[in-house]
Structure formats: structure tokens, C-alpha cells
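A short worksheet on the structure shown next.
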Amino acid sequence: MPAETENAVEETIHHDVETGASRLEEEGDIAADYLEELLDIADIDGDIDIEVRNGRTYISIVSDEEIEALKSLVGHDGEVLDALQELTRLSVLSATGNRSRLVLDISGYRERRNAELAQIAKDAAEAIKGGTTSVALAPMGAYERKIVHDAIAELGLESESEGEGSGRHIVVTAAQ
């Protein structure tokens, strides 16, 4: 390959990486502005952290004090958090015209829940290795199912989502 072509390819790749990173940073800024307005309207104190990693924007709302108001933004089983995440994604979509895959966390809920999901996957794997043919897990949202599917795959087992709507759940089986 001629040196000029090789340099052009490298510049294009470098530009695409920079463009993707700057797009994610812009996404984070738009989301943070939206969430700041929401917190102001609700008169809730919280700091917003933005992080870009693995091709995704992560937004966290944290507070030095564990205040009840932030807990209410998480809701029962993260239902309010999931709704806020979708509204924030819609805010980014309306501002940029691009769909967002940002992840919103409030007071470390998702981090704690991810640890719980990893344990659920390990427990299912132990049951399968103990001779159970399949394990049906409790229904969960798409984001949580993705985390469990990934954990199950890392444990060398297979998983499949079954059901519809709020009843959609994972069934774990031995790898074939």
C-alpha cells in the first residue's frame, strides 16, 4: 500500500475514533443538562458525573449525603431510574437526531444491581452444574438481561430470553 494511502487510512480511523468520542461527550453534556434541569425542578441536590467508556456514555447522579429524594429517583426495583434513563435518551435524540445508548445510574444503584445479577448468574450456573437441566430466572428488563446473558456466557453456559413484555426472562441451560 502506498504511504499516502496508508496515512489517509490512519487519519480516517483516527478521525472516526475522535468523532465517536466527541459525539459521546456531546451526548453526555446534553444528558447532564437535561438531568440538571430535572433535579432543579424537583429541588433535589445531586452532582452529575459523566464518563465515556467502551463506546458508551455513563451518567451518574450522586450526593455526599444519602438523601431520600435520590432514592425516590431510583424507585422500586429501579423502575423510576429506567424511566429517567429512557427520558434522558429521548432528550439526546431530540437534540442530536441520534439514538443514544447512555446508561444512567443514581446513587450507585446499577453498580449494586450488577453485583446482584452476577450472583444470580453464578447461582444458576451452580444449579446447572449440579444436574438441573434448565433454570428460569425472574423477569427483568433488557439492560439487566444483557448483563446476565454476558455473565452466563463467561461461565460457559447458554442462556435465552423467553416471554414477552414485563414477563420476559432468561432461561439458563448447559452449553451444547
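From a predicted model like this one, the values you see are computed outputs, not experimental measurements.
There is no path of hydrophobic side-chain contacts, each under 4.5 Å, that joins Ile59 to Ile147. Both Leu38 and Ile50 are part of a single hydrophobic cluster, where members link through side-chain heavy atoms under 4.5 Å apart. Hydrophobic cluster membership differs between Ile152 and Val171, with clusters built from Ile, Leu, Val, Met, Phe, Trp and Tyr side chains linked at under 4.5 angstrom. Criterion: ILVMFWY side-chain heavy atoms under 4.5 Å apart, direct or through other members. Under it, Tyr58 and Ile48 are not part of a common hydrophobic cluster.
Under the 4.5 Å side-chain criterion, counting only non-hydrogen atoms from C-beta, Ile61 is in contact with Leu104. Annotation: side chain of Val74 is not in contact with side chain of Val80 (no heavy-atom distance under 4.5 Å). Annotation: side chain of Lys71 is in contact with side chain of Glu68 (closest heavy-atom distance under 4.5 Å). You'll find the side chain of Leu70 reaches within 4.5 Å of the side chain of Ile44, heavy atoms only. By the 4.5 Å heavy-atom criterion applied to side chains, Gln119 and Asp123 are counted as neighbours. At a threshold of 4.5 Å between non-hydrogen side-chain atoms, the residues Thr133 and Thr173 do not count as touching. Residues Tyr143 and Val103 form a side-chain contact, since some pair of their non-hydrogen atoms from C-beta on lies under 4.5 Å apart. Using a 4.5 Å heavy-atom cutoff, the side chains of Leu90 and Leu93 are in contact.
Salt-bridge check for Arg110 with Asp82: passed, with a basic side-chain N closer than 4.0 Å to an acidic carboxylate O. For Arg23 and Glu27, the salt-bridge test passes: some basic side-chain N is under 4.0 Å from an acidic carboxylate O. Glu86 and Arg89 are joined by a salt bridge, as a carboxylate oxygen and a charged side-chain nitrogen come within less than 4.0 angstrom of each other. Using a cut-off of 4.0 Å between Lys/Arg side-chain N and Asp/Glu carboxylate O, Arg168 and Glu162 are scored as not salt-bridged.
Remark: Glu51 CD to Leu102 CG distance equals 13.0 Å, nearest 0.5 Å. Taking CD of Glu164 as the start and NE2 of His169 as the end, the distance is 11.5 Å to the nearest 0.5 Å. From Glu36, atom CD reaches atom CG of Asp47 across 9.5 Å, with rounding to the nearest 0.5 Å. Atom-to-atom distance recorded for Leu137:CG and Glu144:CD is 11.5 Å, nearest 0.5 angstrom. The CD atom of Glu158 lies 10.5 Å from the CD1 atom of Ile128; values are rounded to the nearest 0.5 Å. To the nearest 0.5 angstrom, Arg56 atom CZ is 10.5 Å from Leu24 atom CG.
For the residue pair Gly156 and Ala175, the shortest heavy atom distance occurs at O-CB, 3.3 Å. Between Tyr109 and Asp77, the closest heavy-atom pair is OH-C, 3.2 Å. Considering every non-hydrogen atom in both Ser159 and His149, the closest pair reads OG-ND1, 2.5 Å. In terms of heavy atoms, Ala31 sits closest to Thr88 at CB-CG2, 3.4 Å. Contact between Ser161 and Ile170 at its shortest, heavy atoms only, is OG-CG1, 4.2 Å. Leu84 approaches Ile106 most closely through the heavy-atom pair CD1-CD1, 4.1 Å.
Although no hydrogens or angles enter the test, the distance criterion places a donor-acceptor pair under 3.5 Å between the side chain of Thr96 and the main chain of Asn98. With hydrogens and angles ignored, the 3.5 Å screen pairs a side-chain donor or acceptor of Arg112 with a backbone N or O of Ser107. Side-chain atoms of Ser91 do not come within 3.5 Å of backbone N or O of Leu87 as any donor-acceptor pair. The main-chain N or O of Val172 is never found under 3.5 Å from a side-chain atom of Ser134 such that the two would form a donor-acceptor pair.
Shown here is Asp40, whose CG atom has more than 12 heavy atoms of other residues, nucleotides or ligands within 6.0 Å.
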* To do: Determine, step by step, whether Arg113 and Glu116 satisfy the salt bridge (charged side-chain N to carboxylate O under 4.0 Å, His left out) criterion, reporting the C-alpha distance in whole Å, the side-chain angles of both residues, the deciding distance to 0.1 Å, and the verdict.
  => CA-CA 5 Å; Arg113 182 64 178 149; Glu116 290 173 13; 2.9 Å; yes

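Among Asp29, Val52, Ile30, the one residue that satisfies the side chain to side chain contact (heavy atoms under 4.5 Å, CB included) test with Thr57 is Val52.
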